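Taking it in order: structure first as structure tokens, then the write-up.
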Amino acid sequence: MLALTDFSARLIAWQRIHGRHDLPWQNTRDAYRIWLSEIMLQQTQVSTVIPYYARFLERFPTVTTLADAPIDDVMALWAGLGYYSRARNLHRCAQVVAHEHGGAFPETVDALAELPGIGRSTAAAIASFAFGARATILDGNVKRVLARVFGVDGFPGEKRVENAMWTLAESLLPDAAEKEDVTAYTQGLMDLGATLCVRGKPDCARCPFAPDCVANVEGRQRELPAARPKKAVPTRNTWMLVLKDGDSILLEKRPPTGIWGGLWSLPEAPDEATLVAVAQNFGGEAHLERLAPLSHTFTHFKLQIEPRLGQASGAPAQAMDAATVWAPLSRIDSFGVPAPVRKLLDALTGSLI
DNA sequence: AACACGGGGAT
DNA sequence: ATCCCAGTGTT
């Protein structure tokens with residue numbers, strides 16, 4: 001193993017001068033704001049999060065206002081960020097904190113990690129940023145930094161490799177650190193990975209670990225960390241119904257789990273004939289107009305969407321319930337609608353005017 | 001241990 | 001088009 005005895009000291013010194021200090025969720029010890037940012041930043045880049053974070057704080061300034069809000073309001077503000085189970089867990093977590101912890105987040109990693117949506121790494125981030133706890137994060141940035149600096153081989157998503165990285169990360173923590181040092185250290189891990197030790201072209205010339213870094217010394221920046229093993233992504237096909245009644249569109253609430261869980265979307269069918277039956281159930285005419293197909297790629301599969309436009313004329317054969325709503329096109333934003341469906345409806349709004 | 005879960009940015 | 005991102009929860 002690399003003889004690097006001053007990893008934390010070097011990282012802290014670098015962070016204070018060259019790290020990021022003005023992100024919207026920095027310069028606060030408010031656990032609510034830190035927690036909110038950490039959840040939004042799971043698998044999501046900083047630039048994407050910033051506008052969502054501002055809107056969320058404006059609408060929900062405290063954990064209690066979030067806890068007492070309807071879940072549909074939370075989903076609507078989250079729509080477009082992806083990984084919607086995060087939003088459901090966010091709401092559940094706020095309710096637990098507000099009603100079982102008196103509105104204050106617990107201060108230990110273990111207690112934080114018991115809350116919905118908070119795992120080991122996020123618990124450590126909150127504990128270190130909000131409470132100055134000596135705990136290590138292990139996110140994508142840290143895995144990349146460790147893999148390169150210490151020459152850790154193997155795909156970090158593999159259990160054996162990840163376990164080794166947790167152990168390594170724990171061993172690198174500054175000992176008996178001040179709270180300010182802990183903050184600078186945790187932020188430094190993130191900043192180094194986000195600004196210098198990036199995936200594509202790492203800026204090794206500016207890196208404080210360049211002389212010791214295995215990847216830099218051996219010219220293996222491109223090989224470390226090892227890439228995820230390739231896997232073929234399947235294609236799924238679906239037909240979506242845009243059923244119009246005046247200026248309103250029929251939306252259906254998706255089940256809480258699975259793709260777009262808890263969001264409002266268009267009624268779907270596995271083929272066109274079934275979609276016609278669905279339309280008629282909701283009082284639609286038998287003739288459906290073909291709209292331009294669209295394709296949406298997820299991490300693990302590709303979705304081909306065949307949209308069809310129908311007009312509502314008769315009375316619905318199927319009773320409307322809590323999972324069905326006529327949404328005015330002008331107020332689609334107040335519903336949580338998945339990004340591709342939102343795009344489809346936006347294009348439709350433009351062409352129908 | 002492996003998989004499900006989104007959308008957007010970077011290349 | 002492909003990879004990956006301030007990961008967590010379920011199976």
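Letters A, B, ... are given to chains in the order of the sequence lines, protein chains preceding strands, and every chain is numbered from 1. Here the structure is a predicted model, which is why all the values come from computation and not from measurement.
Contact footprint of chain A on DNA chain C: nucleotides with an atom under 4.0 Å from a non-hydrogen protein atom, first to last in 5' to 3' order, dC3(C) to dG9(C).
Lys230(A) comes within 4.0 angstrom of the backbone, heavy atoms only, and of no base. Counting any heavy atom pair closer than 4.0 Å across all strands shown, Trp35(A) reaches no nucleic acid atom. No contact: Leu138(A) has no heavy atom under 4.0 Å from any strand. Arg342(A) comes within contact range of no nucleotide atom at all, as no heavy-atom separation falls under 4.0 Å. At the heavy-atom level, Leu23(A) lies under 4.0 Å from base atoms of the strands shown.
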Could you pull out every donor-acceptor pair under 3.5 Å between side chains of residues 172-185 of chain A and any protein atom, sequence neighbours left out?
unit_1: Asp181(A); atom_1: OD1; unit_2: Arg16(A); atom_2: NH2; d: 2.4
unit_1: Thr183(A); atom_1: OG1; unit_2: Arg29(A); atom_2: NH1; d: 3.1
unit_1: Thr183(A); atom_1: OG1; unit_2: Arg29(A); atom_2: NH2; d: 3.2
unit_1: Thr183(A); atom_1: OG1; unit_2: Lys179(A); atom_2: O; d: 3.1

Please tabulate, for side-chain N and O atoms in residues 283-306 of chain A, each donor-acceptor pair with protein atoms closer than 3.5 Å (sequence neighbours left out).
unit_1: Glu306(A); atom_1: OE1; unit_2: Arg308(A); atom_2: NH1; d: 3.2

Acceptor/donor pairs from residues 102-118 of chain A side chains to any protein atom, 3.5 angstrom cut, sequence neighbours excluded:
unit_1: Thr108(A); atom_1: OG1; unit_2: Ala111(A); atom_2: N; d: 3.1

Which side-chain N or O atoms in residues 187-201 of chain A pair as donor and acceptor under 3.5 Å with protein atoms at least two apart or in another chain?
unit_1: Gln187(A); atom_1: OE1; unit_2: Gln26(A); atom_2: NE2; d: 3.2
unit_1: Gln187(A); atom_1: NE2; unit_2: Asp191(A); atom_2: OD1; d: 2.9
unit_1: Asp191(A); atom_1: OD1; unit_2: Arg20(A); atom_2: NE; d: 2.7
unit_1: Asp191(A); atom_1: OD1; unit_2: Arg20(A); atom_2: NH2; d: 3.0
unit_1: Asp191(A); atom_1: OD2; unit_2: Gln15(A); atom_2: NE2; d: 2.9
unit_1: Asp191(A); atom_1: OD2; unit_2: Arg20(A); atom_2: N; d: 2.8
unit_1: Thr195(A); atom_1: OG1; unit_2: Asp191(A); atom_2: O; d: 2.6

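Side chains of Trp326(A) and Ile249(A) form no contact here, defined as non-hydrogen atoms less than 4.5 Å apart. Looking at Asp212(A) and Val149(A), their side chains never come closer than 4.5 Å, going by heavy atoms from C-beta outward.
For Pro328(A), the side chain to side chain contact (heavy atoms under 4.5 Å, CB included) test picks out Ser248(A), Ser330(A), Arg331(A), with sequence neighbours left out. For Glu223(A), the side chain to side chain contact (heavy atoms under 4.5 Å, CB included) criterion is met by Arg220(A), not counting sequence neighbours. Residues passing the side chain to side chain contact (heavy atoms under 4.5 Å, CB included) test with Val49(A), sequence neighbours excluded: Trp25(A), Met40(A), Leu41(A), Thr44(A), Tyr53(A). The ring pair (Phe, Tyr, Trp, His ring centres under 6.0 Å) search around Phe209(A) returns Phe7(A), not counting sequence neighbours.
Position along DNA chain C of the nearest nucleotide to Ile118(A) versus Leu41(A) favours Leu41(A) as the more 5'-ward residue.
A gap of 24 Å separates the P atoms of dC3(B) and dA6(C), to the nearest Å. dT10(C) sits 14 Å from dG6(B) when the P atoms are compared, rounded to a whole Å.
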Per-nucleotide protein contact string for nucleotides 2-11 of chain B (B base, S sugar-phosphate only, - none; heavy atom under 4.0 Å):
--SBBBBS--
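Contacts between residues 53-68 of chain A and DNA chain C, defined by a heavy-atom separation below 4.0 Å, involve no residue at all.
Sorted by first and then second residue, the pairs that involve residues 58-85 of chain A and meet salt bridge (Lys or Arg N to Asp or Glu O under 4.0 Å), not counting sequence neighbours, are Arg59(A)-Asp73(A), Asp72(A)-Lys253(A).
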